[in-house]
Number of protein chains: 2
Amino acid sequence: MSDGRSGSGYGGESLLFLTDEQLRQGIEAMFFAYQGFTADPDRILGEMAYGRAHHRAMHFINRAPGTTVNNLLSILGVTKQSLNRVLRALVEDGLVDSRVGTLDKRERNLYLTDRGRDLEQRLSDAQRIRMRAAYKQAGPEAVQGFKKVLEAMMDADMRRAYADLREAPQ
Amino acid sequence: MSDGRSGSGYGGESLLFLTDEQLRQGIEAMFFAYQGFTADPDRILGEMAYGRAHHRAMHFINRAPGTTVNNLLSILGVTKQSLNRVLRALVEDGLVDSRVGTLDKRERNLYLTDRGRDLEQRLSDAQRIRMRAAYKQAGPEAVQGFKKVLEAMMDADMRRAYADLREAPQ
DNA sequence: AGTTTATGTCAGCATTGTTGACATTCCAAG
DNA sequence: CTTGGAATGTCAACAATGCTGACATAAACT
């Protein structure tokens with residue numbers, strides 16, 4: 001594992017020699033980049049009584065209006081109890097509307113209110129600005145590779161969730 | 001901000017049209033990929049009394065043995081108080097050695113013990129395996145773009161820290 | 001020598017993850 | 001139809017890890 005090298009044929013035309021050093025760089029890049037990725041929304045959220053978890057919930061409710069708690073927590077990868085605390089705050093503050101399911105009354109269908117949409121927009125805008133700047137700086141060819149590696153890094157169920165969201169644009 | 005489109009000349013030969021939809025995909029890819037990125041070490045850490053913060057500390061101590069608390073917290077992007085709790089646990093458990101600085105006695109120079117190195121190795125191995133698999137699956141051209149976009153996404157000070165680490169391989 | 005600055009530690013609080021217990025609703029077996 | 005189990009969501013308590021504030025010690029500056 002620590003021989004510092006690992007490779008195998010790829011594509012029949014070029015070889016992939018992945019040294020531990022190269023992999024380590026990727027790992028550290030991922031860590032530092034994620035800090036930047038969350039920095040802008042975090043700054044905005046810090047001014048109010050919300051955190052990153054509230055942002056994530058609002059993002060995906062906005063993406064799929066009417067989604068259920070159960071669906072949401074499978075996307076977010078947290079327990080329903082943890083999500084519930086966040087949702088309760090958002091509902092109490094009038095940012096999220098939680099309606100008892102019509103077909104199955106055990107379920108709750110979640111929607112953003114107008115105010116919820118406003119805040120979500122503010123947070124997403126900040127994140128998009130950074131992403132757009134990064135894309136421009138890195139260039140168009142880079143964007144393809146970026147997405148490819150990220151997708152390959154996901155767990156199988158998350159890759160499925162990701163694909164589902166892409167196929168169902170609002 | 002929500003006109004759904006934003007582009008400008010790039011490189012003089014191709015144009016970058018970045019729709020909000022494209023940017024959103026990147027944002028969600030980043031979110032899902034980071035879950036996978038941390039999943040393997042988290043699983044190992046969950047079996048013992050440590051968390052992600054302990055992993056990060058050990059990783060960078062291993063990268064730069066003898067580093068100070070001050071330097072470490074600027075890399076990790078947390079407060080010294082937060083880092084201190086984590087370091088205290090690691091020192092008490094004999095995974096990290098904290099020596100009073102020789103030149104400046106206010107400083108503490110941090111080193112991994114043998115046992116600390118063992119655990120760090122286990123955690124890093126798990127993360128490298130996933131990273132290697134992702135790189136192979138995405139292909140060599142993708143890796144370049146991946147790193148480029150990540151680097152462009154970092155805050156300026158983190159980009160500096162990242163570059164410093166690359167220039168000083170162990 | 002005395003004040004200011006830098007480094008690190010200790011204490012307490014907030015966010016957000018966890019598990020456990022429980023209420024409500026649905027569904028399937030009898 | 002009823003009854004028992006499964007699914008969904010809520011409430012409570014605990015753990016990890018951010019944060020700010022107060023402080024001790026060492027260095028640096030005047």
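Chain identifiers are assigned alphabetically (A, B, ...) following the order of the sequence lines, protein sequences preceding nucleic acid strands; residue numbering begins at 1 within each chain.
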Separation of [X] atom [atom1] from [N] atom [atom2], in whole Å?
X	N	atom1	atom2	answer
B:Leu90	C:dT9	CG	P	13 Å
A:Glu107	C:dC27	CD	P	10 Å
B:His55	D:dT17	NE2	C1'	16 Å
B:Leu72	C:dA6	CG	P	20 Å
B:Leu87	C:dC10	CG	C1'	14 Å
B:Arg52	C:dG17	CZ	P	10 Å
A:Asp42	D:dC19	CG	P	10 Å
B:Leu73	C:dG8	CG	P	8 Å

Indicate, yes or no, whether a donor-acceptor pair under 3.5 Å links the base of [N] to the side chain of [X].
X	N	answer
B:Gln81	D:dG21	yes
B:Arg85	D:dG18	yes
B:Arg106	D:dA27	no

Phosphate oxygens OP1/OP2 of [N]: is one of them under 4.0 Å from a side-chain N or O of [X]?
X	N	answer
A:Arg88	D:dC11	yes
A:Thr79	C:dT18	yes
B:His54	D:dA16	no
B:Asn84	C:dT9	yes

NZ/NE/NH1/NH2 to OD/OE distance under 4.0 Å, A:Asp125 and A:Arg122 =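 No.
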query = Quick one: do B:Arg24 and B:Glu21 make a salt bridge, cutoff under 4.0 Å?
reply =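 Looking at B:Arg24 and B:Glu21, the cut-off is met.
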key: Side chain to side chain, A:Val149 and B:Lys147, heavy atoms closer than 4.5 Å   =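 Not touching, per the 4.5 Å side-chain cut-off.
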query = Between C:dG8, D:dG9, C:dT16, which nucleotide has the shortest distance from any of its atoms to the side chain of B:Lys80?
reply =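 My answer, after comparing the listed nucleotides, is C:dG8.
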query = Of all the choices, C:dT7, C:dT16, D:dG18, which nucleotide is nearest to the side chain of A:Ala53 once you look at every atom?
reply =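 Between C:dT7, C:dT16, D:dG18, the one nearest the side chain of A:Ala53 would be C:dT16.
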key: Criterion ring pair (Phe, Tyr, Trp, His ring centres under 6.0 Å) against A:Phe31, the qualifying member of B:Tyr162, B:Phe60, B:Tyr34   =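 Only match with A:Phe31 under ring pair (Phe, Tyr, Trp, His ring centres under 6.0 Å): B:Phe60.
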message = Both A:Asp104 and A:Val78 contact DNA chain C. Taking the nearest nucleotide for each, which residue is further toward the 5' end?
response =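 That would be A:Val78.
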inquiry  = Below 30° counts as parallel, above 60° as perpendicular, anything between as tilted: where do the rings of B:His59 and B:His55 land?
reply    =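 Perpendicular: the ring planes of B:His59 and B:His55 meet at over 60°.
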